[in-house]
Amino acid sequence: MSKKVTEVVEELAIPILEELQLELVEVEYVKEGKSWFLRVYIDKETGVDIDDCGNVSEKLSEKLDEVDPIPQNYFLEVSSPGAERPLKKEKDFLNAIGKNVYIKTYEPILDEKEFEGILTSFDGEEVTLEVRIKTRKKTIVIPFEKVAKARLAITFS
C-alpha cells in the first residue's frame with residue numbers, strides 16, 4: 001500500500017466532516033496490546049457532542065467498509081480532541097493565540113526542548129511564547145519548522 005492508513009482515512013473523512021460542518025483534528029492508527037485502534041479526532045467552534053461523534057462514526061464506517069484500506073481488525077473511535085487538543089496546522093496555532101500551550105521542539109532552543117506558556121503570536125514562520133521562569137516573564141521565539149509537538153495546555157491556578 002503506497003499511502004499510509006492515516007492518509008487514506010483522512011481523505012475519506014474530510015468530505016464527511018465538511019458535510020457535517022466539522023473539522024478533522026487528527027487521525028491516529030495505533031496498536032495497543034493485541035488490538036489496533038483507528039482514532040479520529042473531530043471538533044467544531046462550539047465543541048462536539050456524542051451525536052456528532054456517532055454520525056461521523058457511522059458514515060466513516062460505511063466508507064471504510066467500501067474502500068477497505070486496513071487489512072487487520074481494528075476498533076474505530078471518533079471523539080473530540082479534549083481540552084489539551086493538539087496544534088498541528090497553522091490555523092490551530094492562530095486559534096490558540098492568547099492561550100496556554102505546550103511545545104516540544106526537534107532540537108534545543110536556549111538549551112531547552114520543552115516549553116509551556118502563553119502563545120502571544122504566530123506569523124507562519126515563528127511561534128512566540130511568553131513563559132514564566134520563577135517570577136520573571138521571558139519571551140521565547142521558536143521557528144515553526146522546529147516544532148515537533150504542540151498542544152493546548154490546561155493550567156490550574
Side-chain angles (χ1 to χ4, degrees), residues 2-32 36-57 59-60 63-64 69 76-157:
S2 58
K3 281 189 180 172
K4 292 189 343 206
V5 167
T6 52
E7 290 171 357
V8 174
V9 174
E10 271 183 37
E11 286 172 13
L12 296 173
I14 287 172
I16 294 167
L17 294 170
E18 283 175 353
E19 180 191 320
L20 298 169
Q21 296 179 326
L22 295 164
E23 170 198 355
L24 178 66
V25 175
E26 186 175 21
V27 175
E28 283 181 343
Y29 185 58
V30 293
K31 189 172 187 181
E32 292 178 3
W36 282 91
F37 291 88
L38 176 61
R39 295 194 175 108
V40 179
Y41 296 97
I42 61 172
D43 209 357
K44 67 181 175 197
E45 218 39 61
T46 55
V48 294
D49 59 26
I50 194 87
D51 293 334
D52 293 322
C53 295
N55 286 338
V56 171
S57 182
K59 290 178 186 314
L60 187 56
K63 276 285 181 212
L64 287 165
L76 173 63
E77 294 178 356
V78 177
S79 68
S80 114
E84 294 197 334
R85 76 171 276 173
L87 306 175
K88 300 255 182 202
K89 305 175 197 102
E90 290 191 11
K91 185 180 78 143
D92 299 334
F93 282 85
L94 291 170
N95 289 339
I97 290 173
K99 296 182 179 154
N100 200 54
V101 299
Y102 164 84
I103 294 178
K104 188 172 186 169
T105 57
Y106 289 113
E107 54 194 57
I109 293 169
L110 305 171
D111 297 328
E112 296 289 330
K113 285 178 85 173
E114 293 184 52
F115 304 91
E116 189 174 318
I118 303 295
L119 178 59
T120 56
S121 75
F122 174 68
D123 63 8
E125 309 245 327
E126 295 177 329
V127 180
T128 305
L129 281 186
E130 187 177 274
V131 298
R132 273 192 165 286
I133 300 165
K134 294 183 179 125
T135 57
R136 293 189 353 264
K137 284 183 181 173
K138 187 174 181 181
T139 300
I140 309 244
V141 177
I142 301 168
F144 187 53
E145 75 267 4
K146 293 198 174 153
V147 174
K149 262 190 174 161
R151 63 170 166 75
L152 293 178
I154 300 299
T155 50
F156 299 97
S157 48

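- A distance-only check finds a donor-acceptor pair linking the side chain of Asp52 to the backbone of Asp49 [under 3.5 Å].
- Annotation: side chain of Lys113 is in contact with side chain of Thr105 (closest heavy-atom distance under 4.5 Å).
- Under a cut-off of 6.0 angstrom, the local environment of NZ in Lys44 is crowded, with over 12 non-hydrogen atoms contributed by other residues, nucleotides or ligands.
- A 4.5 Å side-chain heavy-atom check between Phe115 and Ile142 finds at least one atom pair inside the cut-off.
- Heavy atoms only, all atoms of each residue included: Gly117 and Val131 are closest at CA-CG1, 4.1 Å.
- Taking every heavy atom of both residues into account, Thr128 and Val141 meet most closely at OG1-CG2, 4.0 Å.
- Side-chain contact between Leu38 and Leu64 is present, with at least one heavy-atom pair separated by less than 4.5 Å.
- For Ile133, the CD1 atom sits in a packed shell: over 12 heavy atoms of surrounding residues, nucleotides or ligands are nearer than 6.0 Å.
- Residue Pro86 comes nearest to Glu26 through the heavy atom pair CG-OE1, 3.3 Å, listed as atom of the first residue, atom of the second, then distance.
- Between Asn100 and Glu116, the closest side-chain pair of non-hydrogen atoms falls below 4.5 Å.
- In this structure, Lys59 and Leu20 have side chains that are in contact, with non-hydrogen atoms separated by less than 4.5 Å.
- Heavy atoms only, all atoms of each residue included: Ala96 and Val101 are closest at CB-CG1, 4.2 Å.
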Assess the residue pair Phe93 and Val127 against the criterion (side chain to side chain contact (heavy atoms under 4.5 Å, CB included)); give the C-alpha distance rounded to whole Å, side-chain angles, the decisive distance to 0.1 Å, and a yes or no.
CA-CA 8 Å; Phe93 282 85; Val127 180; 4.1 Å; yes

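- Between Glu28 and Phe37, every side-chain heavy-atom pair lies at or beyond the 4.5 Å cut-off.
- Lys89 meets the salt bridge (Lys or Arg N to Asp or Glu O under 4.0 Å) test with no other residue; sequence neighbours excluded.
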Are Leu110 and Lys138 close enough, and set up right, to give a side chain to side chain contact (heavy atoms under 4.5 Å, CB included), and what steps lead you there?
CA-CA 12 Å; Leu110 305 171; Lys138 187 174 181 181; 4.3 Å; yes

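- The pair Arg39-Glu32 meets the salt-bridge criterion, with a side-chain N (NZ, NE, NH1 or NH2) lying under 4.0 Å from an Asp/Glu carboxylate O.
- Side-chain atoms of Thr6 never come within 3.5 Å of backbone atoms of Val27 as a donor-acceptor pair (strictly under, hydrogens ignored).
- Around the CD atom of Glu145, the shell of radius 6.0 Å holds more than 12 heavy atoms that belong to other residues, nucleotides or ligands.
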Apply side chain to side chain contact (heavy atoms under 4.5 Å, CB included) to residues Phe144 and Glu90 and explain how you reach the verdict.
CA-CA 9 Å; Phe144 187 53; Glu90 290 191 11; 3.9 Å; yes

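- Here the shortest heavy-atom pairing between Asp43 and Pro81 reads OD2-CG, 3.8 Å.
- Put simply, the side chain of Glu84 gets close to the backbone of Ile154: a donor and an acceptor are under 3.5 Å apart.
- The shortest distance between side-chain heavy atoms of Ser80 and Tyr41 does not fall below 4.5 Å.
- Between Arg85 and Glu23, at least one side-chain nitrogen of the basic residue sits less than 4.0 Å from a carboxylate oxygen of the acidic one, meeting the salt-bridge criterion.
- Val5 places none of its side-chain heavy atoms less than 4.5 Å from the side chain of Pro69.
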